Peer 1: 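Dropping the structure in here first, questions after.
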Protein chains: 2
Amino acid sequence: MVAVEARHLRYAVALAEHGHFGRAAASLGIAQPPLSTQIAALEREVGERLFDRTSRGVFPTAAGEAFLVRARAALAEMHRARIDAARAARGETGRLRIGVVASALLDPLPTVLGRFRRSRPEVRLIVQEMTTPEVAAGLLDGELDVAVGRGGPRGAGAEDLVTVPIGADHLVAVVSAAHPFAGQPGVTVEQLAAEPLVVETDAAESYLRPLFADDPAPLGAAATARDIHTIAGLAACCAGVGLGPSRMRLIARPDVWFCDVAPRYRLPDLQMSFRAADPSPVLAAFLDVVRRNCARVGSRLDDLLARHPAITQV
Amino acid sequence: MVAVEARHLRYAVALAEHGHFGRAAASLGIAQPPLSTQIAALEREVGERLFDRTSRGVFPTAAGEAFLVRARAALAEMHRARIDAARAARGETGRLRIGVVASALLDPLPTVLGRFRRSRPEVRLIVQEMTTPEVAAGLLDGELDVAVGRGGPRGAGAEDLVTVPIGADHLVAVVSAAHPFAGQPGVTVEQLAAEPLVVETDAAESYLRPLFADDPAPLGAAATARDIHTIAGLAACCAGVGLGPSRMRLIARPDVWFCDVAPRYRLPDLQMSFRAADPSPVLAAFLDVVRRNCARVGSRLDDLLARHPAITQV
DNA sequence: GACCACGATATCCGTGGTGTATCGGGAAAG
DNA sequence: CTTTCCCGATACACCACGGATATCGTGGTC
């Protein structure tokens with residue numbers, strides 16, 4: 001009473017194909033007697049005669065026909081198991097969940113994501129627009145594989161992450177085309193302080209605070225929005241003067257005007273993060289694309305991998 | 001370098017389920033070391049690491065996840081192979097191709113086919129209306145499994161068939177409700193000889209010839225049709241007096257009238273045939289239904305099987 | 001009636017899967 | 001920091017099972 005093994009299936013399929021014990025055995029690279037015994041064992045195990053041995057050849061019975069259909073399917077599955085495992089190990093299949101802030105979707109991401117999609121067409125790429133805090137939380141919760149935020153994740157768990165800068169910005173203002181600032185190349189912080197401001201929801205408590213260190217009042221009165229598209233939209237509606245990263249200039253709206261803020265005020269970098277211990281081959285493949293397509297980020301990743309090769313096998 | 005066997009799949013699935021070598025081995029009824037070696041062998045054979053052994057448990061890698069999906073599918077196929085083989089051996093699946101003359105579809109077949117369909121709902125039942133010669137040829141060609149014709153197959157190959165009678169008929173005439181015969185209980189052969197006749201296509205050369213042995217002229221002038229429904233239809237159109245088996249009375253048409261032919265003239269029996277050497281379990285199951293549902297045919301089949309048990313394993 | 005082809009059976013051999021015993025490493029507890 | 005414990009890997013012996021060779025039984029054919 002031994003279990004049915006893949007060997008039995010291979011033998012049965014070969015026997016059905018050749019209709020002859022001797023030739024089937026030869027095609028399997030074994031002698032005829034073991035094939036007879038294995039087929040007999042299979043029939044005993046299944047409990048039904050699977051082949052009719054006649055003088056004109058060996059033919060599957062009705063039960064044999066039904067069995068062979070499944071047997072072929074099972075063998076095909078086993079073959080595909082090996083194929084799929086190899087493909088998954090090369091990062092050719094699987095999924096990659098990316099959380100990203102809207103501004104990164106304007107500049108570095110379209111190129112990278114496009115190339116990655118082309119190089120790994122079977123990977124399910126799940127991109128979600130989020131805010132910086134959401135992005136960090138999602139990565140630590142395991143709901144994301146890659147996070148792109150501004151300033152990178154901080155706090156508990158951040159030491160298990162690897163973070164690389166993927167873009168620098170300075171602050172720019174955006175106003176309606178009808179606003180007095182429209183047409184000006186720049187505005188000063190003093191001018192801004194006199195205007196109603198539209199800023200990112202949590203920017204007041206984070207990167208904008210130092211700018212209005214003298215008098216934080218304008219930030220307190222500011223309207224807020226959760227992404228730069230909404231900021232630009234509100235500015236276009238004359239809801240106020242929008243503030244955002246210089247990357248925001250890539251929003252192609254004819255009804256707004258962008259001014260540099262003087263003095264030039266550097267914003268926290270766009271940062272890409274992933275779990276240092278993440279063994280995902282898809283992530284490795286993604287990082288490979290990032291490294292190849294962003295010269296500065298690439299060298300940074302090279303460094304990281306050289307110093308800490310256990311991070312992931314790119 | 002040994003092939004991947006079903007054992008490897010079972011072990012990998014169990015390991016993934018338990019996340020623990022010891023417990024997985026226990027669930028498989030083997031000790032822990034062999035499980036370790038078998039998983040290692042599987043990984044070596046597939047060429048990829050399939051499980052990450054951590055201190056918190058054993059988890060599939062990305063390659064392992066992909067492999068396990070296929071592995072589970074392959075094992076399920078193997079299980080279904082056994083199920084399907086057993087079902088096919090019991091005649092619960094498969095197909096049965098039946099060729100049958102129209103008159104048999106009026107009386108004995110509806111009951112038998114209905115019961116068989118209910119007792120073996122997964123068998124694909126292919127019923128084709130044919131003429132007696134077509135039915136015999138189809139059976140000998142292997143295009144049918146069961147043939148129901150009038151008089152049974154004759155000629156080359158008929159000795160490889162088993163044939164049992166499933167219904168007796170005598171000749172009846174069918175006329176339009178507007179015909180002078182309408183309302184009469186019977187007609188004589190002499191009366192028929194004076195009328196234009198509508199008969200089955202090959203009936204003139206076979207079973208009707210003796211009836212008009214004195215003067216075959218009426219048959220020569222007869223219109224012909226390939227089945228009894230058409231005969232009745234032509235009669236209803238006043239194309240002539242139709243002749244057919246008494247079974248034809250079961251055609252429920254209000255526009256025709258049936259008369260017995262005097263003297264009563266027995267027609268060749270309806271016969272059911274199948275290949276004596278046909279091992280099909282579906283056929284066996286079908287014959288079982290026939291035997292149980294037709295008392296006279298059943299005893300005949302019992303006799304046949306008793307005298308010649310090699311025919312088929314009912 | 002003898003030969004031939006083919007599958008089944010008998011017997012021996014070797015591989016490999018399994019069990020017992022043990023090692024090694026990492027994490028948690030003291 | 002040391003000890004302990006847990007767990008997977010390794011070592012090794014055993015034997016069951018798959019495979020090879022030799023032979024038999026049988027049905028079909030010339």
Side-chain angles (χ1 to χ4, degrees), chain A residues 1-46 48-61 64 71 75 78 159-160 276-277 279 310, chain B residues 1-46 48-61 64 71 75 78 159-160 276-277 279 310:
Chain A
M1 195 67 168
V2 291
V4 175
E5 290 294 339
R7 179 184 57 254
H8 297 116
L9 308 189
R10 286 190 288 268
Y11 289 7
V13 168
L15 180 55
E17 270 176 11
H18 290 88
H20 187 285
F21 273 80
R23 282 191 285 277
S27 82
L28 290 165
I30 63 173
Q32 170 259 317
L35 178 58
S36 287
T37 58
Q38 289 299 306
I39 294 292
L42 174 62
E43 289 176 328
R44 181 169 45 79
E45 189 58 25
V46 172
E48 304 292 346
R49 196 155 188 81
L50 300 178
F51 290 95
D52 271 334
R53 289 83 157 165
T54 77
S55 55
R56 290 177 317 284
V58 179
F59 304 97
T61 62
L75 291 173
M78 290 182 66
E159 65 277 8
D160 295 334
Chain B
M1 195 68 169
V2 291
V4 175
E5 290 294 339
R7 178 185 59 253
H8 297 117
L9 307 190
R10 286 190 287 266
Y11 289 7
V13 168
L15 180 55
E17 269 176 13
H18 290 88
H20 187 284
F21 273 80
R23 282 189 284 279
S27 82
L28 290 165
I30 63 173
Q32 171 261 316
L35 178 59
S36 287
T37 57
Q38 289 298 306
I39 294 293
L42 174 61
E43 289 177 328
R44 181 168 46 80
E45 189 57 25
V46 172
E48 305 292 346
R49 196 156 189 80
L50 299 178
F51 291 95
D52 272 333
R53 289 82 158 165
T54 76
S55 55
R56 289 178 316 287
V58 179
F59 304 97
T61 62
L75 290 173
M78 290 182 65
E159 64 277 8
D160 297 332

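The chains referred to below are lettered A, B, ... by the order of the sequence lines, with proteins before strands, and numbering in each begins at 1. Predicted model, so just to flag it, every value in this text is computed and none were measured.
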Peer 1: Round to the nearest Å and state the distance from Leu35(A) atom CG to dT9(C) atom C1'.
Peer 2: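 For the pair Leu35(A) CG and dT9(C) C1', the rounded distance is 15 Å.
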Peer 1: So which pairs with a foot in residues 52-61 of chain A pass side chain to side chain donor-acceptor pair (under 3.5 Å), sequence neighbours left out?
Peer 2: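 Qualifying pairs, neighbours excluded: Glu43(A)-Arg53(A).
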Peer 1: Enumerate donor-acceptor pairs with a distance under 3.5 Å from any side-chain N or O in residues 32-41 of chain B to protein atoms, sequence neighbours excluded.
Peer 2:
residue	atom	partner	partner atom	Å
Gln32(B)	NE2	Ser36(B)	OG	3.0
Thr37(B)	OG1	Pro34(B)	O	2.7
Gln38(B)	OE1	Arg7(B)	NE	3.2
Gln38(B)	OE1	His8(B)	NE2	3.0

Peer 1: Which residues, if any, of residues 5-18 of chain A bring a heavy atom under 4.0 Å of DNA chain C?
Peer 2: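 Going residue by residue through residues 5-18 of chain A, none turns out to have a heavy atom under 4.0 Å of DNA chain C.
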Peer 1: Could you tell me the boundaries of the chain A footprint on DNA chain D, defined by atoms under 4.0 Å from its heavy atoms?
Peer 2: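 The contacted stretch runs from dG18(D) to dG28(D).
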Peer 1: Excluding sequence neighbours, so at least two apart, what forms salt bridge (Lys or Arg N to Asp or Glu O under 4.0 Å) with Glu5(A)?
Peer 2: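 For Glu5(A) the salt bridge (Lys or Arg N to Asp or Glu O under 4.0 Å) partners, ignoring immediate neighbours, are Arg10(B).
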Peer 1: Taking only nitrogen or oxygen atoms into account, show me every contact under 3.5 Å that the protein makes with nucleotides 1-8 of chain C, one pair per line with its distance.
Peer 2:
residue	atom	partner	partner atom	Å
dC6(C)	OP1	His20(A)	NE2	3.4
dC6(C)	O5'	His20(A)	NE2	3.2
dG7(C)	OP1	Phe21(A)	N	3.3
dG7(C)	OP2	Phe21(A)	N	3.2
dG7(C)	OP2	Gly22(A)	N	3.4
dA8(C)	OP1	Arg53(A)	NE	2.9
dA8(C)	OP1	Arg53(A)	NH2	3.4
dA8(C)	OP2	Ser36(A)	OG	2.8
dA8(C)	N7	Gln32(A)	NE2	3.0
dA8(C)	N6	Gln32(A)	OE1	3.3

Peer 1: Under 3.5 Å, sequence neighbours excluded: what are the donor-acceptor pairs made by side chains of residues 13-24 of chain A?
Peer 2:
residue	atom	partner	partner atom	Å
His18(A)	ND1	Ala14(A)	O	3.0
His20(A)	ND1	Gly22(A)	N	3.1
His20(A)	ND1	Arg23(A)	N	3.0

